[in-house]
Amino acid sequence: FLTAKSGKSALRLFESEQIDILLTDVRMPGMDGLELIRRTRNSWPNVRAVVLSAHDEFPYVREALKLGVENYILKPVSPVELQETILSIQKDVNSPSVAESQQLLAMEAFRQNVLQRWVEGTIEQLELAERADLLGIDLEAERFALIAATDDIGRSHEDRVHRAVTFMFAIRDRLRSRDTTPFRAEVFLDSRARLACLVHSSDSNLSEEELCQFAQLSLEDERVDASWHMSIGTTVTMPSDVRRSYETALLLSNTRFVWH
């Protein structure tokens, strides 16, 4: 664990040490934290960054997200949030395949982090509310459900991550092209690089049939082969119960959809 009193001092440490995670304040003498991240990205693109700040103004947050930070934590810092963020990053740093896909997911690192911690039940509700508002996720929706996608074919972790990312963008394209979809969905990779789709709807009558139709349409995309299948978790009414839907979807992940 290394510390620096300024951005320039931190850059000198990068030149002499191998650093995986950068934890920085926004305002520092000589060079602010966002400029420090910007400069490290040029020479050390795989370094993961977390911002600590007393400033919740949107321009700061927006610029941090553009730089691909893992999290933007407001002061006073929640020890739980900081610990969970660091642990999540450490898992990724130890996985070369995730690092290789970082370029594709850099702009969405913040979203991925929030969604992973939400479905796994490791984010506090107040923190979730703040970040969901920033991401445009409606926590006042009537219904939530988690859809998990599983690839049957045994592959290397690197290949599975690549295929999951491809499927992720296929589902997002499908959502953008269908204005009649009766819900919104957040598509992401969980902390074990499994593809997940968190559905939220203002319609209290959201049916399992509608979710199944959406899953089937996603599987029919030309970028998705027949080795994938999808499972639907329990529909819940509270954001705090999303973890239960996620766990149900994983339990059902060995059950394949059969269509007649």
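- L252 places none of its side-chain heavy atoms less than 4.5 Å from the side chain of I232.
- The shortest distance between side-chain heavy atoms of I21 and Q90 falls below 4.5 Å.
- When every heavy atom of S202 is checked against every heavy atom of E142, the shortest pair comes out as O-CG, 3.2 Å.
- If you take CG on L82 and OG1 on T85, they are separated by 6.5 Å, rounding to the nearest 0.5 Å.
- Checked options V119, V242, V199, L206; the residue passing with F144 is V242 (criterion: side-chain contact (heavy atoms from CB on, under 4.5 Å)).
- In this structure, the separation between CD1 on I89 and CG on L23 is 8.5 Å, given to the nearest 0.5 Å.
- When side chains are defined from C-beta on, L250 counts as touching R194, because their heavy atoms get closer than 4.5 Å.
- Taking CD of E84 as the reference point, atom CG of L87 lies at 6.0 Å (rounded to 0.5 Å).
- Q112 places no side-chain N or O within donor-acceptor distance of the main-chain N or O of F188, the cut-off being under 3.5 Å.
- Using a 4.5 Å cut-off on side-chain heavy atoms (C-beta onward), N71 and F110 make contact.
- Between S78 and E124 the shortest side-chain heavy-atom distance falls below 4.5 Å.
- Rounding to the nearest 0.5 angstrom, the gap separating the CG atom in N46 from the CZ atom in R41 is 9.0 Å.
- The minimum heavy-atom distance between S245 and L146, with the atom names listed, is OG-N, 2.8 Å.
- A donor-acceptor distance shorter than 3.5 angstrom exists from the side chain of W118 to the backbone of P239, with no hydrogens or angles considered.
- Under the 4.5 Å side-chain contact rule for hydrophobic residues, V51 and V80 do not share a cluster.
- No donor-acceptor distance shorter than 3.5 angstrom exists from the side chain of R244 to the backbone of T234, with no hydrogens or angles considered.
- Between W44 and F14, the ring planes are tilted. Angles from 30° to 60° get that label.
- For the pair V50 and R48, the minimum side-chain heavy-atom distance is 4.5 Å or more.
- The two residues V47 and I19 have their closest heavy-atom pair at CG2-O, 3.4 Å.
- Here R38 pairs with E35, E63 under the side-chain hydrogen bond (donor to acceptor under 3.5 Å, both in side chains) rule; sequence neighbours left out.
- The minimum heavy-atom distance between C197 and A185, with the atom names listed, is SG-CB, 3.5 Å.
- To the nearest 0.5 Å, atom OG of residue S231 and atom CG of residue L211 are 12.0 Å apart.
- Y246 does not carry R243 over the face of its six-membered ring by the limits of under 6.0 Å from the centre and within 45° of the normal.
- Side-chain atoms of D32 come within 3.5 Å of backbone atoms of L34 as a donor-acceptor pair (strictly under, hydrogens ignored).
- Applying side chain to side chain donor-acceptor pair (under 3.5 Å) to S191 and the options R117, E120, Q116 leaves one that passes, E120.
- Judged by distance alone, the side chains of R163 and T166 never bring a donor and an acceptor atom under 3.5 Å apart.
- Under a hydrophobic clustering in which Ile, Leu, Val, Met, Phe, Trp and Tyr are joined whenever their side-chain heavy atoms come within less than 4.5 Å, directly or via other members, M28 and L13 fall into the same cluster.
- Closest approach of L128 to V114, counting heavy atoms only: CD1-CG1, 4.2 Å.
- Taken from CG in L198 to CZ in F183, the straight-line distance is 11.0 Å, to the nearest 0.5 Å.
- Not a single donor-acceptor pair under 3.5 Å links the side chain of R143 to the backbone N or O of T235.
- S218 places a side-chain N or O within 3.5 Å of a backbone atom of F214 that can act as its donor or acceptor partner.
- Atom CD of Q125 sits in a crowded spot, with more than 12 heavy atoms from other residues, nucleotides or ligands closer than 6.0 Å.
- The same ILVMFWY cluster, assembled from side-chain heavy atoms under 4.5 Å apart, contains both M31 and L2.
- Closest non-hydrogen pair, S6 versus S9, comes out as OG-OG, 3.0 Å.
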May I have the list of side-chain donor-acceptor pairs in residues 129-140 shorter than 3.5 Å, sequence neighbours left out?
residue, atom, partner, partner atom, Å
R131, NE, E81, OE2, 3.0
R131, NH1, E127, O, 3.4
R131, NH2, Y72, O, 3.0
R131, NH2, E81, OE2, 2.9
D138, OD1, E140, N, 2.9

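- F169 is connected to W228 through a chain of hydrophobic side-chain contacts under 4.5 Å among Ile, Leu, Val, Met, Phe, Trp and Tyr, so both are in one cluster.
- Distance alone, capped at 3.5 Å, is enough to place a donor-acceptor pair between the T40 side chain and the I37 backbone.
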